[in-house]
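Order of the sequence lines fixes the chain letters, A, B, ..., with proteins taken first and strands second; residue numbering starts at 1 for each chain.
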Amino acid sequence: MREVRIRDTMSGELLTLGTDEEIGIYACGPTVYSRIHIGNARPFVIFSLLARFLRSEGYGAKLAINVTDVNDKIYTAAAGRGVSSTELAAEMTAAYFEDTGRLGIGRPDSEPLATETIGPIIDLIATLVEEGHAYESGGDVYFAVRSFDGYGKLSHRPTEEMEQGEGDDAGSLKRDPLDFALWKAKKDGEDLSWESPWGPGRPGWHIECSAMAEAELGQPFTIHGGGSDLVFPHHENEIAQSEAARGEQLARIWMHNGMIETGSEKMSKSVGNIFQLSEALDAYGAETVVAYLISGHYRQPLAFGEGPLEQAAAGNERLRNFLRENPPAGAGEGVPGDEAAAAGSRFRDALADDFNTPRAMREAFDLVRAVNQRPDDPALAGAGTVLAGMLELVGLESLATGGEEGPGDEALELLEARNAARADKDWARADEIRDSLAELGWEVRDGAEGARLVPRS
RNA sequence: GGCGCCUUGGCGGAGUGGCUACGCAGCGGCCUGCAAAGCCGUUUACACCGGUUCGACUCCGGUAGGCGCCUCCA
């Protein structure tokens, strides 16, 4: 069991996970008012793989990624499309499950919906009102920011500074411009609301995560994550709500992923709308999308574009080629050589060090090159098995177990005919057959041990 | 304007006070009947300006540029 360290946004420091604690991880999922884009997939992948890695190291881990299915944006988008907000949310939630499911990295342990957590949300708000941290005003309920001393500790913003940016709030029901809504009274035209002690309404944007996190993981829990764009105000407000209500820390470590950037790259129209996850999956496949998403350290911004995706695909192809030549052994079959085992160990070390996936992948590629250089070195025995183990940790196990179908009879007959032609040094005929095989989807690779067929990529 | 962060070779992207990241692409070579796969080599990469240091891409300061957020209905 390795000591795993994660960079904490609040303190800026690398914090160590307790080896005997249950690692509760809560990551903020999407607000389902539209199909998710590839940026939304980054936290899903990062936190899913982190949980997978922790388990493989022997940690107890529970991952919860919520779905925010009631929100201003949903009302607006539904109205724009002429459907009910419930309908839109249900449709987009289903699309979210489908799109993320296609990534092939499994599902979180729990995926709570805001609309199914209304009871706990109302209870939490009621507690805040009782404790004097929140107040009702015209059917809305607001959190009194100044009643919570630690406000700003995550995003490192002094409250004095925040006031200045505040625009005119003349018609507001808030007592203080800093305050934010916990509960919003039902307004005309809104088609979804719940009864509450303050009248019919719906939750504000931040409270649902406080309630769901506590319901799923208890409080405090270990890691709270999400995109860096949620640091303020969303996570700052979650802290305020949860800690004011419970008098206890919400989460010990705050872990934020960087944004996917399109930079100034101008994309062609046909590629431009590939921002949606489903379209990226259609165009490149899950393996490429996952490889792309782990190609940079999770905290850093990641450049998006055709180039990076194709590069991820090409890198995968190198790994896949290697695994074809060096297939992983079955369970319990053979012991890896020292050098191969050391590479696997360094791969895990990299992940244990703030989940450094690009550094981990370096170990994978270094191992591949070493074996290609010295295929018979006993120290590198079992490299295919080691590599497959590495890839499983980062959601790329399909590169090793891709379930490639073997060539059919027709292809095998052609291959045999080509072998015969080559034996006769009838190169023209051999090349002709190679073209035929290509049409069937097979690439011929001549090697010392004869020709073999590989699916064309 | 405020807070946080970033700026690495054609592209993506790690990392370290002094030693090749890695991947992709290009070019040259090896291997191959020719290819593919693979191997080797490759155009002196660390925004700019100062400073600290025997030595900085790697620490400090400044400049320029970029990114996220700055609130709950624009």
Worksheet entry | A:Arg369 side-chain N/O to B:G23 phosphate OP1/OP2 under 4.0 Å | yes
Item to complete: Could you tell me whether A:Arg418 and A:Glu416 have a side-chain N and a carboxylate O separated by less than 4.0 Å?
Response: no
Worksheet item: Toward the 5' end of RNA chain B, which comes first, A:Asn372 or A:Met259, by nearest nucleotide?
Response: A:Asn372
Worksheet entry | Test: A:Glu325 and A:Arg452 ion pair at under 4.0 Å | yes
Response to the item:
A:Arg418 atom CZ is separated from B:C34 atom P, nearest whole Å, by 12 Å
Discussion item. What's A:Asn237 touching, base or sugar-phosphate or nothing? Going by heavy atoms closer than 4.0 Å.
Written reply: base
Discussion item. Under a 3.5 Å cutoff, is there a donor and acceptor pairing between the side chains of A:Asp354 and A:Tyr298?
Written reply: yes
Practice prompt. Using a heavy-atom cut-off of under 4.0 Å over every strand shown, decide if A:Asp431 touches base, sugar-phosphate, or nothing.
Written response: base
Item to complete: Answer with base, sugar-phosphate or nothing: what part of the nucleic acid does A:Arg422 contact at a heavy-atom distance below 4.0 Å?
Response: base
Discussion item. Strictly by Watson-Crick or wobble contacts shorter than 3.5 Å, is anything paired with B:C27, and which nucleotide is it?
Written reply: B:G41
Worksheet item: Rounding to a whole Å, what distance do you find between A:Arg299:CZ and B:C67:P?
Response: 20 Å
Discussion item. Which label fits A:Phe180 and A:His206: parallel for a plane angle under 30°, tilted from 30 to 60°, or perpendicular past 60°?
Written reply: perpendicular
Worksheet item: Can we say A:Arg7 and A:Glu13 salt-bridge, meaning some charged N sits less than 4.0 Å from an Asp/Glu carboxylate O?
Response: no
Would you list the protein and nucleotides 12-19 of chain B atom pairs, both N or O, that sit under 3.5 Å from each other?
residue : atom : partner  : partner atom : Å
B:G12   : O4'  : A:Gln311 : OE1          : 3.2
B:G13   : OP1  : A:Ala303 : N            : 2.7
B:A14   : OP1  : A:His297 : N            : 2.6
B:A14   : O3'  : A:Asn356 : ND2          : 3.3
B:G15   : OP1  : A:Asn356 : ND2          : 3.0

Worksheet entry | Sugar-phosphate only, base, or nothing, as touched by A:Gly204 at under 4.0 Å among non-hydrogen atoms | nothing
Worksheet item: Has A:Arg429 got a side-chain N or O lying under 4.0 Å from the OP1 or OP2 atom of B:G33?
Response: no
Worksheet item: Does A:Glu287 pair with A:Arg320 as a salt bridge, N-O distance under 4.0 Å?
Response: yes
Item to complete: Measure from the side-chain heavy atoms of A:Pro233 and tell me the nearest of B:U71, B:C34, B:G38.
Response: B:U71
Worksheet item: Watson-Crick or G-U wobble partner for B:G15, using a 3.5 Å limit on both distances?
Response: none
Item to complete: On the 0 to 90° scale, with breaks at 30° and 60°, tag the A:His235-A:Trp254 ring pair as parallel, tilted or perpendicular.
Response: tilted
Discussion item. Suppose we call a contact any N or O donor and acceptor under 3.5 Å apart; does that hold for the side chain of A:Arg434 and the base of B:C34?
Written reply: yes
Discussion item. Reading RNA chain B from 5' onward, which residue's closest nucleotide shows up sooner: A:Val231 or A:Trp427?
Written reply: A:Trp427
